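Please read the structure below before turning to the comments.
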Amino acid sequence: MDMRSDRTVLQIIDLDISFKTSAGVVHAIRGVNVELRKGETVAIVGESGSGKSVSMKAAVGLLAGNATINSGQILYRYVDDDGSEEIVDLLQMPKRQMRSTINGRRIAMVFQNPMTSLDPTMTIGKQVMEGILLHRKVDKQAAARRALELLELVGITHAEARMRSYPHQLSGGMRQRVVIAIALACDPDVLICDEPTTALDVTIQARILELIREVQDRLGLSVIFITHDLGVVAKVADHINVMYAGKIVEVGTVDEIFYDPRHPYTWGLLAAMPDLDTSDARLVSIPGSPPNLLHEPKGDAFAARNPYALAIDEKAEPPMFQVSETHYAATWLLHPDAPKVEMPAELKVRIAHAFEDAKERR
Amino acid sequence: MSQPLLRVRDLTQHFRVSRTFTAKAVNGVSFDIYPGETFGLVGESGSGKTTIGRSIIRLYDPTSGSVVFQGREISGKLDRDTEGMLRRDMQMIFQDPMSSLNPRKKVASIIGEGLDIHRRYRSKAERDTAVGALLEKVGLSKSHASLYPHQFSGGQRQRVGIARALIMDPKLIIADECISALDVSIQAQVVNLMKDIQEETGCAYLFIAHDLSMVKYISDRIGVLHMGYLVETGTADEIFANPVHPYTKSLLSAVPLPNPKFEKRRRPVAYDCKAEGVDYAVGHERTVAGTHKVLATDDELARWTA
Ligand SMILES: Nc1ncnc2c1ncn2[C@@H]1O[C@H](COP(=O)(O)OP(=O)(O)OP(=O)(O)O)[C@@H](O)[C@H]1O
Ligand SMILES: Nc1ncnc2c1ncn2[C@@H]1O[C@H](COP(=O)(O)OP(=O)(O)OP(=O)(O)O)[C@@H](O)[C@H]1O
Ligand SMILES: [Mg+2]
Ligand SMILES: [Mg+2]
């Protein structure tokens, strides 16, 4: 099995997934490729329903019962207990082996909805300790100390008293932080965070992001960050994957995506972000809604909402065009024969401002 | 000004967690919401935002204080009539869509439930049309009506919760972090939709969020909550142009910007009320100017406005 580079920890290759529902088959993931390298943070951004969570649930073997994996691989490189390096395809691994060797211990996932990963009948102290006791060779007291320390690290006040609280006695954001503490408890190699900070205010959010970065520097943790908060992405990501209707439509370094975006969908996303100076009566949103994947889109899935769509977009799906060694985008606008189109003027102004701002505040 | 739609006075909500620990979630909070306006409530995680919402809509019994809605006291024992009025005219969109939607019901019956209880339609076709139309309004499609909550993505589920609250044409909607699970483009769509509905029906919102740029954008007035105390209130302009309380200032300074070159270097400004010697329990509400108020002692007010 081949990975893109020696430093690649996790690589999703041509992943394709559909769901059976009473309304028909939903082709939710239509060929996703993502690469994660050791010690790096990769962000996945994209509209609601674009397939971010499903792609990552596939990596931890937790797809819903009505899912079918039509094709693809999710390669994972790790060091075995006896010290040898292994590369496995997580999609082929039996569920039991997945649970005993991978989940929680090597790959930890923080789910979008904290309540689904917490047991409502167990105190949060017990829940944080559980993983530590399962995967680390420590006694109960040491596990309790570690649990307390982790809860304090994620900013839970009165942590000692809260150890004995049940999930429903915590606020939404506190629950989310408990789930993050559980994920970090076993020092995993890979941390997958699905919208881990959406319920958090900016100060706590900054603290959590700082904490993840610390662990990253200390232990070489690699992180996949699913979020729609572009401010958070700007803060944490090394690389960004932009997802639309079950596909990655643009990938690049954080600077390439923020300062030199090429896909019209990425333009829309960046332009829709309000800032504290927004004073217009209405927010800009990308017109229309994402395609209903019950019906396979023909051509480029974004065409119907794309003011820059070309005739060919109706007929053929664009391949990934290379912009730089690290930057690719799937839009016919990058074809050598395409008419020259520039990003919207407002976005251009915004990016220029951002550049100036970054210089000034140095 | 007209009569407030909702009048909250000295609302206090404490939870006894154990013999030695009581969570003082909300401590003497007062504010008004007028018909047709949006009151934004911001504050850090655990500051008591959700608890305020849940106490007002009576998912909790308030420890003390008064809540008057459409002229009727709703913080104590509710008679049948008042309870009916409350269930009909006040709706809440919950922070955690998964645990607030019945997993065994199809989306059509979740959204239509309110209509069924209050018999708001003449035929089944009329009801289904109403549900379908609302699904499309929140950016989903009619065909979603036959799916179950777990078959949706996080953001789609949140919109089901929004549709369920909107279908009743309530007078007050408590929207608890109702857009934080949505991506920016759909956020914009939903916020624009909420504004349209407000214009159409004249409903008011208690808009709970931590995203300041969105709160600033949607709110007429804003309340800043910290550790269960309302530390500053005022119009959106008053708060953003002239924040007085150090907690509000630290919140404003931490808003992340879509600018990696800047974000990668930034360290947030910390605020620690203990270190600054601020005790919320001894402060009183002081007027800064106009409707702009801050919780402070004379001394603190002088210091913060100097
Ligand atoms: N169990 C399921 N059955 C049917 N459809 C599903 C199921 N799970 C997910 N889907 C569909 O797959 C698509 C992708 O869902 P996913 O949860 O990955 O979205 P997402 O990108 O994480 O969105 P969000 O930002 O809203 O969380 C959606 O259209 C969703 O409706
Ligand atoms: N049922 C309960 N029992 C005990 N404590 C509770 C209960 N509900 C809330 N609390 C406590 O009250 C405080 C405020 O919680 P609340 O949910 O109102 O916060 P919030 O401002 O909504 O935070 P977030 O932004 O994280 O959702 C927290 O310390 C929480 O632990
Ligand atoms: Mg998701
Ligand atoms: Mg809350």
Side-chain angles (χ1 to χ4, degrees), chain A residues 19 21-23 45-49 53 64 112-113 115-116 157-158 161 164-165 169 171-174 177 195 198-206 228-232 234-235 237 254-255 258 268-270 272-276 278 282-286 289 292 294 354-355 357-358 361-362, chain B residues 15 17-18 20-21 23 42-46 50-51 95-99 139 141 143-144 146-147 150-156 177 180-189 191-192 195 210 212-214 216-217 240 250-252 254-266 268 270:
Chain A
F19 291 100
T21 73
S22 59
V45 300
E47 238 164 351
S48 182
S53 300
Q112 189 166 8
N113 190 318
M115 258 338 229
T116 50
T157 50
H158 307 287
R164 285 187 297 274
S165 291
Q169 296 177 314
S171 79
M174 288 159 88
R177 286 179 273 156
E195 308 274 9
T198 40
L200 301 179
D201 59 282
V202 283
T203 30
I204 301 275
Q205 183 177 306
H228 59 259
D229 187 332
L230 295 172
V232 168
K235 197 175 181 72
V254 62
D255 286 358
F258 275 94
L269 266 188
L270 289 170
M273 169 121 184
D275 52 33
L276 287 178
T278 305
R282 288 183 85 73
L283 294 168
V284 236
S285 69
I286 302 170
S289 39
N292 186 344
L294 274 169
F355 242 92
D357 232 23
R361 303 206 207 187
R362 200 168 277 273
Chain B
F15 300 99
V17 178
S18 69
T20 51
F21 180 62
V42 297
E44 67 181 16
S45 173
T50 299
T51 305
Q95 181 169 10
D96 193 343
M98 195 55 193
S99 42
S141 81
S143 61
H144 283 122
S146 66
L147 300 185
H150 74 267
Q151 297 180 318
F152 286 85
S153 79
Q156 291 166 336
E177 305 275 6
S180 28
L182 307 176
D183 61 275
V184 278
S185 176
I186 298 206
Q187 260 184 10
Q189 231 172 358
V191 165
N192 289 338
K195 281 198 156 184
H210 59 263
L212 286 167
S213 41
M214 210 43 103
K216 174 182 181 211
Y217 175 74
F240 280 83
S250 86
L251 262 188
L252 288 180
V255 177
L257 303 170
N259 189 352
K261 286 199 191 306
F262 170 57
E263 278 303 330
K264 290 252 151 66
R265 276 197 314 270
R266 169 153 78 167

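Quick note on labels: first sequence line is chain A, next is B, and so on, each numbered from 1. This one's a predicted model, so the numbers in the text were calculated from it and none came from an experiment.
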Side chain, backbone, both or neither: which part of [X] has an atom under 4.5 Å from a heavy atom of chain B?
X: A:L294; result: side chain
X: A:F258; result: side chain
X: A:S48; result: both

| request: Return yes if a side-chain donor-acceptor contact under 3.5 Å exists between A:R164 and B:S18, otherwise no. | output: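 Side-chain D/A pair, A:R164 to B:S18: absent.
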| field | Straight-line distance of A:S22 OG to B:Q151 CD, nearest 0.5 Å | value |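 Nearest 0.5 Å value for the OG-CD distance: 6.5 Å.
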| Considering all heavy atoms, the nearest A:G49-B:S153 contact |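 Taking every non-hydrogen atom into account, N-OG, 3.4 Å.
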| field | Side chain to side chain, B:F15 and A:Q169, heavy atoms closer than 4.5 Å | value |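 Side chain of B:F15 against side chain of A:Q169, heavy atoms only: no contact under 4.5 Å found.
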| query | chain A: which of B:P260, B:S143, B:S146 shares the most heavy-atom pairs with it under 4.5 Å? | reply |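 Highest number of heavy-atom pairs under 4.5 Å: B:P260.
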| said: Let's test your reading of the structure: which of A:S53, A:S171, A:A234, A:G46 forms the most heavy-atom pairs below 4.5 Å with chain B? | reply: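 Ranked by heavy-atom pairs under 4.5 Å with chain B, first place is A:A234.
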| request: Return the option, out of A:L270, A:V232, A:T21, with the maximum number of heavy-atom pairs under 4.5 Å with chain B. | output: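 Among the listed options, the one with the most contacts to chain B is A:T21.
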